[in-house]
Amino acid sequence: TATYIQEVSTVRTVIVQKGTLSNNLSYVLRYYFHSGRRDVTVDFRLQNSGRYGLFYGATAANKYFDHCHLWLPVVGAGSQVVTPSGVQQLPGSRFEVNQTFQWGPNPTDALAGFSYEERAGSTILSSGNRHAGGINLAGSNGGVTVAVDRFWENFPKAFRVTNNEIEVGLWPEWGNGPEYRGQYGTLTSTAPVDPLALTNYRFEGGRWKTHRVKFAFH
C-alpha cells in the first residue's frame with residue numbers, strides 16, 4: 001500500500017514498504033542499506049491493529065494464519081547450499097532447515113527442548129539442538145547468505161531452498177501457537193487451550209512482532 005524513503009544520507013538509506021495480507025494483518029518492511037556494503041538488513045513487522053478485547057468488554061480481534069514466508073529468487077542457483085554444518089548437495093531435492101521446540105522430561109531445562117533438522121527431501125542430512133540461523137545459496141551471477149536474528153529463540157523457524165529461490169519461514173507451515181492456558185495457566189493447568197491455536201498461529205489484537213533478517217549478497 002506504500003513505498004517511501006524514510007531516511008537518506010551518504011552513509012545509510014532506509015526504505016519502507018507497508019501492505020496488508022489477505023487476512024487483514026498488516027506489515028511494515030524496513031530495508032537498511034549502507035554505503036559501500038552489499039548486505040541489506042530487513043526488519044519485517046507483522047501487526048494486528050484490531051482490538052485486544054480481554055478485560056475491556058470488547059470482542060477480541062484475534063487473527064489466525066497458517067504460515068508467513070519471505071521469498072528471494074537467486075538467478076541460476078546451483079545444486080548445493082552451505083550451512084554451518086557444511087556444504088550440502090541438492091541433486092533435485094528440496095532443502096529445508098527446521099527449528100522447533102518441545103518440552104522434555106525436565107521442564108526447568110528449557111534449552112534441552114530445542115531441536116533442528118537439515119533435510120534434502122525426506123533425507124535428514126544434519127540435526128542438532130540450536131541452529132545458527134544462516135544459509136548460503138550461490139547462483140550463476142553471485143549468491144546470497146541469509147541469516148535470521150535470534151533464529152532458534154523465536155521458534156518455529158525454517159529455511160527452504162527450491163526452484164532457484166530461498167524461502168525464509170518466519171512462521172513455517174508446520175508450526176502453530178502460542179499454546180497458553182489463560183493468563184495464569186501453567187504446564188499442568190486444566191484451563192483449555194484455544195483450539196485454533198493448535199493448528200494455526202494465533203495473533204491477538206494489538207500484537208506486533210518484528211523479525212530481523214540479514215541478506216549478504218556476493
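Sequential numbering from 1 along the given sequence is applied to the chain's residues. Here the structure is a predicted model, which is why all the values come from computation and not from measurement.
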With the threshold set at 4.0 Å, does a side-chain nitrogen-carboxylate oxygen contact exist between D39 and K214?
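Salt bridge: yes.
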
Lys/Arg N to Asp/Glu carboxylate O, R160 vs E96, below 4.0 Å:
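Yes, this pair counts.
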
Can you tell me how the ring of H67 sits relative to the ring of H69, calling it parallel under 30°, perpendicular over 60° and tilted otherwise?
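Perpendicular: the ring planes of H67 and H69 meet at over 60°.
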
Roughly how far, to the nearest 0.5 Å, is the [atom2] atom of [Y] from the [atom1] atom of [X]?
X	Y	atom1	atom2	value
L170	N154	CG	CG	9.5 Å
I5	I15	CD1	CD1	5.5 Å
E167	I135	CD	CD1	11.0 Å
E173	Y201	CD	OH	8.0 Å
L70	F44	CG	CZ	6.0 Å
K209	C68	NZ	SG	12.5 Å

Begin from the C-alpha positions of R51 and T59 and carry the test side-chain contact (heavy atoms from CB on, under 4.5 Å) through to its verdict.
CA-CA 7 Å; R51 297 183 298 269; T59 302; 4.1 Å; yes

For residues [X] and [Y], determine if any side-chain heavy atom of one lies less than 4.5 Å from a side-chain heavy atom of the other.
X	Y	answer
H218	T145	yes
R212	Y32	yes
V40	V42	yes
V144	N136	no
N164	V74	no
K63	N24	yes
P178	R202	yes
T3	V16	no

Same cluster or not: L21 versus W208, using hydrophobic residues (I, L, V, M, F, W, Y) connected whenever any side-chain heavy atoms lie under 4.5 Å apart?
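As far as the 4.5 Å side-chain criterion goes, W208 and L21 are not connected within one cluster.
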
Heavy-atom closest pair, residues [X] and [Y]:
X	Y	value
F95	T83	CZ-CG2, 3.8 Å
T10	S35	O-CB, 3.3 Å
Y4	K18	OH-CE, 3.4 Å
S26	S49	OG-OG, 4.2 Å
A158	P172	CB-CB, 3.9 Å
A132	P84	CB-CG, 3.7 Å

Criterion side-chain hydrogen bond (donor to acceptor under 3.5 Å, both in side chains) against H131, the qualifying member of K157, E118, Q99:
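Running side-chain hydrogen bond (donor to acceptor under 3.5 Å, both in side chains) over K157, E118, Q99 with H131 returns exactly one hit, E118.
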
From N176, D194, N23, residue fulfilling side-chain hydrogen bond (donor to acceptor under 3.5 Å, both in side chains) relative to Y64
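Single side-chain hydrogen bond (donor to acceptor under 3.5 Å, both in side chains) partner of Y64 among N176, D194, N23: D194.
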
Checking side-chain contact (heavy atoms from CB on, under 4.5 Å) for the pair F33/T41: CA distance, chi angles, key distance, verdict?
CA-CA 7 Å; F33 299 90; T41 298; over 6 Å; no

So, F101 versus Y116, ring centres under 6.0 angstrom or not?
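Ring-ring flag for F101/Y116: false, centres at least 6.0 Å apart.
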
Please tell me whether W171 and F65 form a close aromatic pair, meaning their ring centres lie under 6.0 Å apart.
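Yes, the ring centres sit under 6.0 Å apart.
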
Any side-chain donor-acceptor pair under 3.5 Å between Q6 and R30?
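Yes.
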
Could you go through the side-chain contact (heavy atoms from CB on, under 4.5 Å) check for F203 and L25 one step at a time?
CA-CA 9 Å; F203 222 68; L25 288 173; 3.9 Å; yes

Closer than 3.5 angstrom, by distance alone: can the side chain of R150 be matched with the main-chain N or O of E153 as a donor-acceptor pair?
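No; zero donor-acceptor contacts below 3.5 Å.
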
Taking atom CG as the centre, does L111 end up with more than 12 heavy-atom neighbours from other residues, nucleotides or ligands that are less than 6.0 angstrom away?
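Enclosed: over 12 neighbouring heavy atoms sit under 6.0 Å from CG of L111.
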
